[in-house]
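These figures come from a predicted structure and were not determined experimentally. Sequence lines set the chain letters: A, B, ... in the order given, protein chains first and strands last, and positions in each chain run from 1.
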Number of protein chains: 2
Amino acid sequence: MISSGEGAIRVERPTKTLRELALEKVRDAIISGHFKPGERLVERDLCAQLGVSRTIVREVLRHLESEGLVTNPTNKGPMVALLDIGEARQIYEIRGALEGMAAKLCAEKGDPDLVAQLDAALASIRKAYALNDMRSVLEETTGFYEALFTRVERQIAWGVVKLMTVRINHLRSMTIKTEGRSVDGPKQMQLIVDAIRAGNGAAAERAAIDHVRAAAAIADAVLSAQVPAAES
Amino acid sequence: MISSGEGAIRVERPTKTLRELALEKVRDAIISGHFKPGERLVERDLCAQLGVSRTIVREVLRHLESEGLVTNPTNKGPMVALLDIGEARQIYEIRGALEGMAAKLCAEKGDPDLVAQLDAALASIRKAYALNDMRSVLEETTGFYEALFTRVERQIAWGVVKLMTVRINHLRSMTIKTEGRSVDGPKQMQLIVDAIRAGNGAAAERAAIDHVRAAAAIADAVLSAQVPAAES
DNA sequence: CGACGGTTTTTGGTAGACCATAATACCCGA
DNA sequence: TCGGGTATTATGGTCTACCAAAAACCGTCG
């Protein structure tokens, strides 16, 4: 991303600032469900729990707000964002559009290295499924798509997809556990890779969209079942 | 967005918090070029200029950072983000994908009201061009696309497009001033509307993509000319 | 049981302090 | 004059304390 002219001998001290640490902690806590949707996030409580000052906490909350993980009704204080079923559908749709675009570009690029990388990622996913290691499944799947985007220099689209993804993370972890997903999921991704290998852009796009669509359908079912009819 | 059960008699005091005000001010200052790309944004200076405390300024900077308008090199302090030509291309591409998607959905919906609204927006754009009122051109164009997205309930995609758009705002204001743009721009948008009116989803999608593509091409030319060869 | 009124909680926002580090200016000796 | 080391300054990162106002809570009284 940064055009550092002078090679890779940079010292790169990964000085994480306290704020970044706190941000990750809170984000993970939300994603992992430690803080449940709708739960209030009281600034001073967070200060105590994180062991940092309000300055930090406020900045973190603001950041998460702009990520869509936290909502902030004025004069009420921040809370973990609720995921609307309509929003979830929209997010899956956006992912479909962008992942389809990336897959198409990959196919048109015709880079054997890329195909190899995707194959490897897919193998890892299958292995993780076999071991029932859902955490790794998610991780490797993320890696698969990261390659899909970044190998054709689409960092920004990848950023958007990541942003969207954190908001539906708990849905993701439910969809991958669904009956048959351990077979269907990789199979659909295989179709993407095959189309890319064949250099068939249109097919790659379609396959990517289909894969997201399948995940969306499962998520939809999960959400509908989970909240059959929220009373007024 | 919010399901307020009890009708529209809400008092709705638009109590903007200071922070929100400050955020808009700074964002506008960046978009309008008051703060130029690469310029340092010194926290204490901003405090003085905005008349708010450092807490607020820091939160605002963090927010703009996650919008991509500000970068924050560690140990250096925030500065207005530089727009890379590659990033600009990526952004136009994403807009193409999403606006194409929205246009297609609009066509498939077949809502006469929507068509009327788009026609009206387009008329306003033409009028603004005739008056050489570029500010209004931008505004009305935004309205056009907002309708395109929100009329088919794609608020999230619209949010993404808005996010992308602020980052290329100065490019936008240059492209619309380009020779012939006052004719070509509306003409291309007319094609979108026509396709929607005809209920032709594929054509609407194509027209939307073409329109973005044309803008991207101009932006590309502008950027390439502007920075012929940035030295190492 | 319900309305009223006060107390506590919590947010929005401010001021100012402290430290660490990066950049800059400066100064002194060879 | 040049080189190098040191003092200074600018700035971000972080903390604490404080205030006002909105909300939430709670207990009392009609």
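Among residues at least two apart or in separate chains, side-chain hydrogen bond (donor to acceptor under 3.5 Å, both in side chains) pairs with a member in residues 21-34 of chain B are Lys16(B)-Glu24(B), Arg27(B)-Glu67(B). Applying the ring-ring contact (aromatic ring centres under 6.0 Å, His included) test to pairs two or more places apart or on separate chains, those with a residue in residues 148-167 of chain A are Phe149(A)-Trp158(A). The salt bridge (Lys or Arg N to Asp or Glu O under 4.0 Å) analysis of residues 90-101 of chain B, with sequence neighbours excluded, yields the pairs Arg154(A)-Glu93(B), Arg95(B)-Glu99(B).
Ile56(A) places its CD1 atom 14 Å from the C1' atom of dC18(C), with the value rounded to the nearest Å. When rounded to the nearest whole Å, the span between CD of Glu59(B) and P of dT14(C) equals 10 Å. Met79(B) has its CE atom 11 Å from the P atom of dA23(C), to the nearest Å. For the pair Leu21(A) CG and dT14(D) C1', the interatomic distance rounds to 14 Å; values are reported in whole Å.
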Measure all distances between protein nitrogen or oxygen atoms and nitrogen or oxygen atoms of nucleotides 8-12 of chain D, and list the pairs falling under 3.5 Å.
| from | atom 1 | to | atom 2 | distance (Å) |
| --- | --- | --- | --- | --- |
| dG12(D) | OP1 | Glu43(B) | N | 3.4 |
| dG12(D) | OP2 | Glu43(B) | N | 3.2 |
| dG12(D) | N7 | Arg44(B) | NH1 | 2.8 |

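Within the 4.0 Å cut-off from OP1 or OP2 of dG12(C), not a single side-chain nitrogen or oxygen of Thr74(A) is found.
Considering only residues two or more places apart in sequence or on other chains, Tyr145(A) meets the ring pair (Phe, Tyr, Trp, His ring centres under 6.0 Å) condition with none of them. Take Gln49(A) and apply the side-chain contact (heavy atoms from CB on, under 4.5 Å) test, not counting sequence neighbours, and it matches Phe35(A), Asp45(A).
Taking every side-chain heavy atom of Ser53(A) into account, dT16(D) is the closest of dT16(D), dG12(C), dA15(C).
Looking only at atom types and distance, the side chain of Thr17(B) has a donor-acceptor partner in the side chain of Glu20(B) under 3.5 Å away.
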